[in-house]
Participant: 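My structure is below; once you've seen it, I'll send some questions.
Residue numbering restarts at 1 for every chain, and letters A, B, ... go by the order of the sequence lines.
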Amino acid sequence: MLNKSFTDLLNEMAVLLELNQDNVFRIRAYQTAAQAVAALTSDIASLTREQLLEVSGIGKGIADKIEEFVKTGHVKEHDDLKEKFPAGLLDLLNVSGLGPKRARLLYDELKIDSFDKLKKAAAAGRLQKIPGFGEKIEQNILKGLHLAEQARSRMLLWEARRLVNDVLLQLRGVPGLLEIEPAGSLRRGKETVGDLDILCASRNPDALIERFTHLPSVERVLAAGATKSSVLLSGGVQCDLRVVAAGSFGAALQYFTGSKEHNVALRERALRMGYTVNEYGLYRVSDKKQAKPVAGKTEQDIYKKLGLSFIPPELRENRGEIAAAEKNRLPELLEESDVKGCFHNHTDLSDGTSSLEDMADAAEKKGWEWYAVGDHSQSLKVAGGMAPAAVRKKIEKIRALNKKRRVCRLLSASEVDILADGRMDYADDLLAEIDVVTGSIHSGFHQSEEQITGRLVKAMENPHVDCIAHLSGRLLGRREPYAFNTDKVLQVAERTGTALEINGQPDRQDLTDINALAAKKRGIPMAVSTDAHSTEQLNYMSIAVTVARRAWLEKSDILNTKTYPELLEWLKD
DNA sequence: GCCGTTTTCGGCCCGACTGTTTTCAGTCG
């Protein structure tokens with residue numbers, strides 16, 4: 001699959017073109033194209049020129065470059081640009097306060113092309129001698145340099161939610177506060193979050209900014225204006241606060257939820273309809289002074305005035321949601337309250353930390369109607385995988401427990417390893433006794449694409465395997481997905497009716513939103529799972545549901561929304 | 001470089017904050 005490397009190439013082209021001070025719209029076109037390629041599920045190498053040109057954001061120029069890249073592994077213009085600027089110069093753009101213009105100036109004037117040279121020049125006071133630079137900018141660059149060196153990668157959605165809730169709690173009591181809501185990629189439910197955005201409506205913005213910049217967890221104040229402030233929380237997470245009047249809250253929430261691409265498309269639509277939209281409201285273009293907003297108090301009003309049904313934040317990525325909203329054809333997204341149970345989880349019989357009884361109690365407490373209690377299979381020694389005899393004993397225990405339980409019905413489940421040669425880790429007769437069999441890969445990550453695809457296909461063709469867990473095997477920030485042919489695997493899942501899991505572990509989130517959407521298009525059933533290893537981790541269901549929502553999934557796409565009798569019916573099939 | 005409910009040419013989203021400057025450029029989101 002060349003898509004990832006080509007996406008990276010397009011993004012790097014955009015940066016290089018910025019340094020080259022190329023046309024800003026050409027630069028934007030490369031960024032848009034990178035987004036478009038990232039959202040494709042088919043390999044760019046497998047698409048015809050006609051198919052490429054159908055993709056919005058890809059025109060003749062980019063299509064040429066795709067063909068060149070597929071054929072030769074290079075793009076000449078990219079190579080030429082890279083030749084022009086030293087590699088270290090690109091790194092410098094990661095320094096906050098240093099954009100393409102200033103970086104270029106530093107390179108032209110002082111031949112600065114590395115963190116090291118930048119640090120020395122700034123410390124010696126040589127930057128402030130450059131026209132347009134001054135003492136403050138020099139100091140800010142030094143600070144930015146320090147931050148970049150201890151650069152924090154994006155945090156996981158789960159962690160971001162925890163951090164933002166902590167800040168919200170401390171701001172809720174500030175006098176004059178009317179509304180407060182997290183925005184940004186966190187509200188859109190992106191798998192990782194760069195920094196935290198919080199939006200408020202208040203009668204007393206000063207008090208809010210004052211409290212915000214003095215929170216105990218604030219390490220440094222980056223900016224503090226009348227309506228906007230940025231701080232660095234301890235641990236290096238940036239948190240931005242915006243304050244608006246109540247009448248603008250909806251417009252501002254829409255604005256700061258993004259995504260940028262969604263907002264650009266929305267504002268272009270607004271202009272075509274004779275409106276202009278900013279964070280304060282929707283205005284007629286003829287209303288030059290923006291005296292009378294047409295909408296602004298709620299997000300719903302903004303979308304309605306633009307002839308659109310309300311677009312849930314998770315869909316705002318400019319992947320066709322505006323066209324769908326126009327035709328009133330948005331999906332009715334899965335809600336966590338639709339979920340009636342979970343397939344994939346563990347107990348202390350393998351590598352979990354809670355007992356079978358405690359897990360079952362916790363599932364019941366979540367209001368679930370059924371719960372398939374799982375554990376690892378025998379090969380996964382590091383996780384205390386269970387031998388066949390232990391599995392049979394566990395099945396007996398579950399049957400006995402079920403006799404005493406009324407509310408949440410228990411089923412037996414197992415996460416069974418797909419071995420290096422594609423066989424399942426238990427014999428078929430045992431698999432037949434287990435209610436829910438989930439197959440997963442925990443070994444042989446470095447096998448070839450053919451081998452791993454073959455293992456997944458063989459597992460799905462086993463009639464006892466109900467579901468495949470964490471399809472790609474990635475761990476966010478730690479492990480790349482193993483090599484497998486997505487199209488082929490989805491094709492076989494469609495044919496065999498094998499379900500695919502959306503794993504809610506914060507560092508997995510696997511299927512990805514893009515693959516889950518591709519699976520939906522083929523009508524493949526999916527399961528949202530917690531993969532819980534303790535009672536608390538059953539709350540990871542919220543993460544799995546968020547991924548499903550980002551993938552446009554509805555109740556009917558998800559097995560967990562089935563009632564207990566419906567579930568038994570599906571398992572029988 | 002892309003795109004079309006004005007357009008195949010001429011547009012391309014919008015504003016806050018900061019710092020270096022006396023009206024604006026650069027950066028950021």
Participant: Give each protein N/O atom lying under 3.5 Å from an N/O atom of nucleotides 19-29 of chain B, with the pair distance.
Facilitator:
unit_1: dG19(B); atom_1: OP1; unit_2: N140(A); atom_2: ND2; d: 3.4
unit_1: dT20(B); atom_1: OP1; unit_2: G134(A); atom_2: N; d: 3.1
unit_1: dT20(B); atom_1: OP1; unit_2: G134(A); atom_2: O; d: 3.4
unit_1: dT20(B); atom_1: OP1; unit_2: E135(A); atom_2: N; d: 3.1
unit_1: dT20(B); atom_1: OP1; unit_2: K136(A); atom_2: N; d: 3.2
unit_1: dT20(B); atom_1: OP1; unit_2: I137(A); atom_2: N; d: 3.4
unit_1: dT27(B); atom_1: OP1; unit_2: G99(A); atom_2: N; d: 2.8
unit_1: dT27(B); atom_1: OP1; unit_2: G99(A); atom_2: O; d: 3.2
unit_1: dT27(B); atom_1: OP1; unit_2: R102(A); atom_2: N; d: 2.9
unit_1: dT27(B); atom_1: OP2; unit_2: K101(A); atom_2: N; d: 3.3
unit_1: dC28(B); atom_1: OP1; unit_2: G97(A); atom_2: N; d: 2.8
unit_1: dG29(B); atom_1: N2; unit_2: Y255(A); atom_2: OH; d: 2.9

Participant: What is the distance from NZ of K327(A) to P of dT5(B), rounded to the nearest Å?
Facilitator: 13 Å
Participant: Among the nucleotides dC2(B), dC14(B), dC3(B), which one has an atom lying closest to any side-chain atom of N278(A)?
Facilitator: dC14(B)
Participant: I'd like to know whether R316(A) forms a side chain to side chain contact (heavy atoms under 4.5 Å, CB included) with N263(A), so could you lay out the CA-CA distance, the side-chain angles of the two residues, the decisive distance to 0.1 Å, and finally the verdict.
Facilitator: CA-CA 8 Å; R316(A) 300 182 194 169; N263(A) 284 358; 5.9 Å; no
Participant: Enumerate donor-acceptor pairs with a distance under 3.5 Å from any side-chain N or O in residues 236-247 of chain A to protein atoms, sequence neighbours excluded.
Facilitator:
unit_1: Q238(A); atom_1: NE2; unit_2: D240(A); atom_2: OD1; d: 3.0
unit_1: D240(A); atom_1: OD1; unit_2: S230(A); atom_2: OG; d: 2.7
unit_1: R242(A); atom_1: NH2; unit_2: E279(A); atom_2: OE2; d: 3.0

Participant: Contact class for A224(A) vs. all strands (heavy atom < 4.0 Å): base, sugar-phosphate, or nothing?
Facilitator: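 Sugar-phosphate only.
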Participant: Tell me the interatomic distance from R269(A), atom CZ, to dT6(B), atom P, rounded to whole angstroms.
Facilitator: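 About 12 Å, once rounded to whole Å.
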Participant: To the nearest angstrom, how far is N263(A) atom CG from dC14(B) atom P?
Facilitator: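 Computing the N263(A):CG to dC14(B):P distance gives 11 Å.
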Participant: Does I58(A) reach a base, just sugar-phosphate, or nothing at all? Heavy atoms under 4.0 Å.
Facilitator: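 Answer is sugar-phosphate: I58(A) comes under 4.0 Å of backbone atoms only.
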Participant: Enumerate, atom names and distances included, each donor-acceptor pair closer than 3.5 Å involving a side-chain atom of residues 57-68 of chain A, sequence neighbours excluded.
Facilitator:
unit_1: D64(A); atom_1: OD1; unit_2: R49(A); atom_2: NH1; d: 3.0
unit_1: D64(A); atom_1: OD1; unit_2: R49(A); atom_2: NH2; d: 3.1
unit_1: K65(A); atom_1: NZ; unit_2: Y30(A); atom_2: OH; d: 3.4
unit_1: K65(A); atom_1: NZ; unit_2: E77(A); atom_2: OE1; d: 3.3
unit_1: E67(A); atom_1: OE1; unit_2: R49(A); atom_2: NH1; d: 3.1
unit_1: E67(A); atom_1: OE2; unit_2: R49(A); atom_2: NH1; d: 3.3
unit_1: E68(A); atom_1: OE2; unit_2: K76(A); atom_2: N; d: 2.7

Participant: If the condition is side chain to side chain contact (heavy atoms under 4.5 Å, CB included), which residues does K82(A) pass it with, not counting sequence neighbours?
Facilitator: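 For K82(A) the side chain to side chain contact (heavy atoms under 4.5 Å, CB included) partners, ignoring immediate neighbours, are E12(A), L16(A), H78(A).
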Participant: May I have the distance from E54(A) (atom CD) to dC2(B) (atom P), rounded to whole angstrom?
Facilitator: 15 Å
Participant: Who pairs with Y280(A) by ring pair (Phe, Tyr, Trp, His ring centres under 6.0 Å), at least two apart in sequence or on another chain?
Facilitator: none
Participant: side-chain hydrogen bond (donor to acceptor under 3.5 Å, both in side chains) with R102(A): which residues, sequence neighbours excluded?
Facilitator: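 Listed in chain order: nothing, the list is empty.
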Participant: DNA chain B: stems of at least 3 consecutive Watson-Crick or G-U pairs, cut-off 3.5 Å?
Facilitator: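 Stem segments, range with range: B:1-4 with B:9-12, B:14-19 with B:24-29.
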Participant: Considering every strand and a 4.0 Å limit on heavy-atom distances, what is the contact class for A270(A): base, sugar-phosphate, or nothing?
Facilitator: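 Counting heavy atoms under 4.0 Å across all strands, no contact is made by A270(A).
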Participant: In whole angstrom, what separates E261(A)'s CD from dC3(B)'s C1'?
Facilitator: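 Between C1' of dC3(B) and CD of E261(A): 17 Å.
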Participant: Rounded to the nearest Å, what distance is computed from the CD1 atom of residue I322(A) to the P atom of nucleotide dC3(B)?
Facilitator: 15 Å
Participant: May I ask you to evaluate whether S230(A) reaches the phosphate of dC17(B), defined as a side-chain N or O under 4.0 Å from OP1 or OP2?
Facilitator: no
Participant: Spell out protein contact along nucleotides 7-12 of chain B as letters: B when the base is contacted, S when just the sugar-phosphate is, - when no protein heavy atom is under 4.0 Å; keep the 5' to 3' order.
Facilitator: -----B
Participant: How would you list, by chain and number, every residue that makes a side-chain hydrogen bond (donor to acceptor under 3.5 Å, both in side chains) with S229(A), sequence neighbours excluded?
Facilitator: none
Participant: Looking only at side-chain N and O atoms, does E261(A) offer a donor or acceptor that is under 3.5 Å from a partner on Q31(A)?
Facilitator: no
Participant: Start at the 5' end of DNA chain B and walk down; is the nucleotide closest to T276(A) or to K60(A) reached first?
Facilitator: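 The answer here is K60(A).
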Participant: For residues 123-141 of chain A, pull every pair meeting side chain to side chain donor-acceptor pair (under 3.5 Å), keeping only residues two or more places apart or in separate chains.
Facilitator: Q128(A)-E138(A)
Participant: Please work out if V277(A) contacts a base, only the sugar-phosphate, or nothing of the nucleic acid, heavy-atom cut-off 4.0 Å.
Facilitator: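 Sugar-phosphate contact only - V277(A) comes under 4.0 Å of backbone atoms but never of a base.
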Participant: Using a cut-off of strictly less than 4.0 Å, decide whether Y283(A) has a side-chain nitrogen or oxygen near OP1 or OP2 of dC14(B).
Facilitator: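 It does not, given that no N or O in the side chain of Y283(A) lies less than 4.0 Å from OP1 or OP2 of dC14(B).
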Participant: How far does CG of L106(A) sit from CG of L89(A), to the nearest 0.5 angstrom?
Facilitator: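 One gets 8.5 Å once the value is rounded to the nearest 0.5 Å.
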Participant: Atom CG of L10(A) to atom C1' of dC2(B): distance rounded to whole Å?
Facilitator: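 For the pair L10(A) CG and dC2(B) C1', the rounded distance is 13 Å.
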Participant: Mind checking the C1' distance from dC12(B) to dT7(B)? Whole angstroms is fine.
Facilitator: 13 Å
Participant: Pick one: which of R549(A), R319(A), K190(A) meets salt bridge (charged side-chain N to carboxylate O under 4.0 Å, His left out) with D513(A)?
Facilitator: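 That would be R319(A); it is the only one of R549(A), R319(A), K190(A) passing the salt bridge (charged side-chain N to carboxylate O under 4.0 Å, His left out) with D513(A).
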Participant: If I pick the P atom on dT27(B) and the same atom on dT21(B), what distance separates them, to the nearest angstrom?
Facilitator: 15 Å
Participant: So does T227(A) get a side-chain nitrogen or oxygen closer than 4.0 Å to the phosphate oxygens (OP1/OP2) of dC17(B)?
Facilitator: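 For T227(A), the contact criterion (side-chain N or O under 4.0 Å from OP1 or OP2 of dC17(B)) is met.
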Participant: According to side-chain hydrogen bond (donor to acceptor under 3.5 Å, both in side chains), who are the partners of D287(A), at least two apart in sequence or on a separate chain?
Facilitator: none
Participant: Taking the P atom of each, how far is dT20(B) from dG26(B), in whole Å?
Facilitator: 14 Å
Participant: Pick base, sugar-phosphate or nothing for G184(A), based on heavy-atom distances below 4.0 Å to the nucleic acid.
Facilitator: nothing
Participant: Under the rule for side-chain hydrogen bond (donor to acceptor under 3.5 Å, both in side chains), what residues qualify as partners of H262(A), not counting sequence neighbours?
Facilitator: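 In terms of side-chain hydrogen bond (donor to acceptor under 3.5 Å, both in side chains), with neighbours along the sequence ignored, H262(A) is linked to Y303(A), E321(A).
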Participant: Sticking with atom P, work out how far dG1(B) lies from dT5(B), rounded to a whole angstrom.
Facilitator: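 Between the two P atoms, the distance is 23 Å.
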Participant: Using atom CG of L16(A) as one end and atom C1' of dG1(B) as the other, report the distance to the nearest whole Å.
Facilitator: 16 Å
